[in-house]
Amino acid sequence: MTQDLFTPVKLGRTELKNRIVMAPLTRNRAAVPGNVPQEINVTYYAQRASAGLIITEATPISPMAHGYPALPGIHSAEQVAGWKKVVEAIHAKGGKVYMQLWHVGRISHPSLLPDNALPVAPSAIKPAGQAFTYTGLQDYVTPRALETAEIPGVIEDYRRAAELALQAGFDGVEVHGANGYLLDQFLRDNTNQRTDQYGGSIANRTRLLIEVVAAVSKVWGADRVGVRLSPINQFNDIRDSNPEALFHHVVEALNPFNLAYLHVVEVGMTGDAPQVVDFERLRKAYRGNYIANGGFDKARGNAVIASGHADAVAYGVPFIANPDLGLRLRQAAPLNVLDAAHLYGGGAQGYTDYPTLNATVA
Ligand code: PHB
């Protein structure tokens, strides 16, 4: 039988009613101070529960992991209580949800960090560009290179956040290894120029990701852990001299875990000439479930599932404007237009006020 977006699938321990995954989407609408998920976030996620799997917006694992305003975190009891309501609302509508665990590394600003601390990174290399802060755009600063002796503390922050996510009732967690944030900064050689066991060779640069995946898997069981990578994305001023070799090594190092899934952003998010990775070859090297992401529509989504390239497809931007994206894809219904002015921050406008199909035709 040919499989498509609407065929159920089991990823690790998690049964999905369809293969349409809501990708992690930063929306900056947590209650501040405290960075706590609030009622409007519950409404937003519950509206999207027809996805086979929701992956939450990237969620900072510690106060030092924040890099944008009004992010909901996973490092306090209040945040766990807020997330619990999100999870319960998704489950009540028959959905599944993984939390994406995030440390931004150098993509931050002292004004977003405790005691105006410098952001931390593998090496003291300033990203090009500007940070989004509570007072507008400000130039990035040169981050502080983590001492080797501090790295166990970072891994412990991931482990504790994973434990808090378990307490909040999630179905699993996704380790954010993509898009130029901390773990990706360790992977790539334009941001990692360390001389200890976390830098230099590809195996050394992969070490932190693998140690984090191991720590989080101890809490959850690897069959409820996913990993997200973005091998050709240069967003956040990130590059590698040999992404093909690097990401093959990463995939081989992830194989023994038997994770719930590997989630791969197969496109770049900037206008830069893309770096090149053979995603067919990468997928074949990975021996588990694979979620593909990056500008898919219905036809291409069905095609990558039918061909066996992907087990599920993650849709990002289409889920912002279409709470009932699954139904719309199934019926080949027209999609709502994105309100690009209200992506980041604010209230209900451009967040929970997009009409469903039923409302549109009523
Ligand atoms: C963003 O806030 O722009 C953002 C956050 C996490 C990502 C990508 C982009 O993985």
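Start at 1 and go down the list; that is how both ligands and their atoms are numbered.
Aromatic ring pairs are classed by plane angle as parallel below 30°, tilted from 30° to 60° and perpendicular above 60°; the pair Trp102 and His176 is parallel.
Geometrically, ligand 1 and Trp102 share no nitrogen or oxygen pair separated by less than 3.5 Å. In terms of polar-atom proximity, defined here as any N/O pair under 3.5 Å, Arg228 makes no such contact with ligand 1.
Counting protein heavy atoms only, atom 4 (C) of ligand 1 is closest to Tyr181 OH, 3.3 Å.
Residue contacts with ligand 1 include Phe235, since one of its heavy atoms falls under 4.0 Å from the ligand. Heavy-atom distances between Glu57 and ligand 1 stay at or above 4.0 Å for every pair.
Salt-bridge check for Arg283 with Glu266: failed, with every basic side-chain N at 4.0 Å or more from each acidic carboxylate O. Between Glu163 and Arg159, at least one side-chain nitrogen of the basic residue sits less than 4.0 Å from a carboxylate oxygen of the acidic one, meeting the salt-bridge criterion.
Aromatic pair Phe170/Trp220: centroids not less than 6.0 angstrom apart.
In the vicinity of Asn179, heavy-atom distances shorter than 4.0 Å reach the ligand 1 atoms 7 (C), 8 (C), 10 (O). Taking a cut-off of under 4.0 Å to the non-hydrogen atoms of Thr26, the atoms of ligand 1 that pass are 1 (C), 2 (O), 4 (C), 5 (C), 6 (C).
For the residue pair Asn293 and Arg228, a side-chain donor N or O sits within less than 3.5 Å of a side-chain acceptor on the partner. A donor-acceptor contact closer than 3.5 angstrom is absent between the side chains of Tyr351 and Gln47.
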